[in-house]
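Notes for the one structure printed next.
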There are 2 protein chains.
Amino acid sequence: MNAQPVRVLLVDDHPVVRRGLRAIIEELPGVAVVGEAGDGVAALAFLDAAADAVEAAADGTPPGRARPDVVLMDLQMGGGMHGVDATRAIAARPTPPAVLILTTYSTDADILAAVEAGATGYLLKDAPPEELAAAVRAAARGETVLAPTVAARLLGRVRAGRPALSPRESEILRLLAEGLANRQISRRLFISEATVKTHLVHIYDKLDVDSRTAAVAAGLAAGLIRPA
Amino acid sequence: MNAQPVRVLLVDDHPVVRRGLRAIIEELPGVAVVGEAGDGVAALAFLDAAADAVEAAADGTPPGRARPDVVLMDLQMGGGMHGVDATRAIAARPTPPAVLILTTYSTDADILAAVEAGATGYLLKDAPPEELAAAVRAAARGETVLAPTVAARLLGRVRAGRPALSPRESEILRLLAEGLANRQISRRLFISEATVKTHLVHIYDKLDVDSRTAAVAAGLAAGLIRPA
DNA sequence: GCCGCCATCAACCGTTCGGTGGATTCCGGG
DNA sequence: CCCGGAATCCACCGAACGGTTGATGGCGGC
């Protein structure tokens, strides 16, 4: 059963992090790193190449360039493709590997987006190596893995009974965070200023604040919007 | 001259990052990692212990627990002490090691604060290993090291002629980002509401915006305030 | 079918906010 | 010594904002 080791692909734009992950993972028995990628595009290219290689050599699979079972994926990658988009692209493939999100600071919006995109699990980078090891193995078995912190956040959100913002409200909150005035928002969304005000009232209500600036602060704190 | 290797202490709350840094640095000739710390408090404790050890054994310095020449310090560490504070505490010691800031995403405010706190250099985590190696060696020689990206940011800021906010204005901008109204800010700072408004006008002027929310957005974008 | 949620729009009113033009004190540089 | 910047304060005004009430239509669940 342990004849075939779990094959892992690392996707992270920080060389330092890739190096650390490789060091940690390679000392685990039954787990092997088969590749690294610095961004989403490179990750997809690697998967393409691996698929071709498997097709070409139907007999003994070569040690490198092997089709990975688990992809360790960073969100917030500097260059171009966001981790969520990369995850979605990978999950859309014929026989997708498990995608394990591994990120530093998690906004709630990111977690939801990643899960929606097809991620198998969600870990935080400050997790101890043992936790990481267990998560990789679980992901290889097809199980869903949520870091305790992440799970707590999700539960906390549900428990807090925070009524989630509607799609339109989220959109307006985002524009709010860009510093736009009501009229500018109305023009951007092709709706009347009155509608913007109505949405704002609902947003204030749900976030329990009473000004646009406080809504932005609360939205950032709750991870409803990205600072960047 | 190369008899004594450069001794490095790693300070980062992410085990993965520490592992990666250790792997990269330890394969450099003439550089050795003498310790790791998961937060600022642990880093200071390590320096204390190292100082004692040196005092106790005046002859052959033991390989481990040696007083580091360079501290690789992460900013934004989860638990308790911020990297800037840790840097300040280290720089205030009798014979301080060089502190090299190594962080992921750099806000201008962080850079300035770190330099003010006594940091020797500022690197980004997405820097390639070679750059990191060169920086550690330069820091050991007492030189100042700025990552090209960081240097560009600082130059860009100066070139843009952006008049830096006064201390008081920065303070108010921070409170603004928390969503406080003018009256709340005035009470928090024990000044009149009129004064707050005056400061706000100056802030809008300097940031080239015309509303409090836009000022927060601009301040976040320019790295004048921390999202957290 | 009805109820609730979402999204859209409107009118009203009081408050806050932004803009302007002053004023004072303190402090440090030329 | 005088000038400028920073920080403090005041008054006025118009515009933007927040709060309320009310109304319409679509869409999905009970």
Side-chain angles (χ1 to χ4, degrees), chain A residues 109 112 116 157-158 160-220 222 224-225, chain B residues 109 112-113 116 157-158 160-222 224-225:
Chain A
L112 294 178
E116 176 266 329
R157 144 111 59 157
V158 174
R162 173 120 33 86
L165 297 187
S166 75
R168 200 53 158 175
E169 287 160 0
S170 298
E171 204 171 355
I172 289 189
L173 180 59
R174 237 174 298 134
L175 296 177
L176 212 61
E178 291 179 23
L180 301 190
N182 290 347
R183 179 169 305 162
Q184 296 176 294
I185 296 176
S186 75
R187 284 176 183 160
R188 190 79 77 87
L189 299 181
F190 304 105
I191 58 180
S192 99
E193 209 176 325
T195 307
V196 175
K197 292 177 69 171
T198 305
H199 286 306
L200 283 181
V201 170
H202 294 154
I203 292 173
Y204 298 159
D205 225 38
K206 291 179 178 177
L207 296 185
D208 194 31
V209 296
D210 55 2
S211 81
R212 54 208 296 104
T213 318
V216 171
L220 286 171
L224 298 172
I225 41 182
Chain B
L112 294 178
E116 176 266 329
R157 146 107 64 151
V158 173
R162 174 118 34 85
L165 297 187
S166 76
R168 200 55 158 174
E169 286 161 0
S170 299
E171 205 170 355
I172 290 190
L173 180 59
R174 236 174 299 138
L175 295 177
L176 212 60
E178 290 179 23
L180 301 189
N182 290 348
R183 180 170 306 164
Q184 296 176 294
I185 296 177
S186 75
R187 283 176 184 159
R188 190 78 76 88
L189 299 181
F190 304 106
I191 58 180
S192 100
E193 208 177 325
T195 307
V196 175
K197 293 178 68 171
T198 305
H199 285 305
L200 283 181
V201 170
H202 294 153
I203 292 173
Y204 298 158
D205 225 38
K206 291 179 178 177
L207 296 185
D208 194 28
V209 296
D210 53 4
S211 83
R212 54 207 299 105
T213 318
V216 171
L220 287 171
L224 298 171
I225 42 182

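Naming convention: chains lettered A, B, ... in sequence-line order (proteins, then strands); numbering from 1 in each chain. This is a predicted model, so every value here is computed, not measured.
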Tabulated below should be each protein N or O lying under 3.5 Å from an N or O of nucleotides 25-30 of chain C; please produce it.
none

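Here A:Ser166 does not reach the OP1 or OP2 of C:dC5: none of its side-chain N or O atoms lies under 4.0 Å away. Residue A:Arg168 has no polar side-chain atom (N or O) positioned under 4.0 Å from OP1 or OP2 of C:dC5.
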Heavy-atom protein contacts under 4.0 Å, nucleotides 14-23 of chain C, coded B base, S sugar-phosphate only, - none: --SSBBB---
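At a threshold of 4.0 angstrom between heavy atoms, the contacts of B:Thr195 include nucleobase atoms, whether or not backbone atoms are also involved. Among the heavy atoms of the strands lying under 4.0 Å from B:His199 is at least one base atom, whether or not backbone atoms are also near.
Judged as a side-chain contact (heavy atoms from CB on, under 4.5 Å), and not counting sequence neighbours, the contacts of A:Thr198 are A:His202. In this view, A:Ala214 and A:Val209, A:Ser211 satisfy the side-chain contact (heavy atoms from CB on, under 4.5 Å) rule, not counting sequence neighbours. For A:Arg183, the side-chain contact (heavy atoms from CB on, under 4.5 Å) partners are A:Ser186, A:Arg187, A:Glu193, not counting sequence neighbours.
Taking NE2 of A:His199 as the reference point, atom CD1 of A:Ile185 lies at 10.5 Å (rounded to 0.5 Å). Here the CD1 atom belonging to B:Ile203 is positioned 7.5 Å from the OG atom belonging to B:Ser166, to the nearest 0.5 angstrom. Between the CG atom of A:Asp205 and the CG atom of A:Asp210 there is a distance of 11.0 Å, given to the nearest 0.5 Å.
Put simply, CD1 on A:Ile191 is 14 Å from C1' on C:dA10, counting in whole angstrom units. Between the CG atom of A:Leu189 and the P atom of C:dA7 there is a distance of 11 Å, given to the nearest Å. Regarding A:Leu207, its CG atom lies at a distance of 17 Å from the C1' atom of D:dG19, rounded to whole Å. Taking atom CD1 of A:Ile172 as the reference point, atom C1' of C:dT8 lies 11 Å away to the nearest angstrom. Rounding to whole angstrom units, NE2 of residue A:His202 and C1' of D:dG18 are separated by 13 Å.
Note on the helix from C:dG1-D:dC30 to C:dG30-D:dC1: terminal axis deviation equals 40°, with five pairs used at each end and the result rounded to 10°.
Contact record, A:Ala215 with A:Leu176: CB-CD2, 4.1 Å, taken as the closest heavy-atom pair. Here the closest heavy-atom approach between residue B:Gly179 and residue A:Ala217 is recorded as N-CB, 4.1 Å.
Of the residues B:Val196, B:Ile225, B:Leu180, the one that meets the side chain to side chain contact (heavy atoms under 4.5 Å, CB included) test with B:Leu175 is B:Leu180.
Within the structure, the side-chain hydrogen bond (donor to acceptor under 3.5 Å, both in side chains) test picks out the following pairs touching residues 170-182 of chain A (sequence neighbours left out): A:Arg168-A:Glu171, A:Asn182-A:Arg212.
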side-chain contact (heavy atoms from CB on, under 4.5 Å), that's the test. Do B:Leu189 and B:Thr195 meet it? Break it down for me. CA-CA 10 Å; B:Leu189 299 181; B:Thr195 307; over 6 Å; no
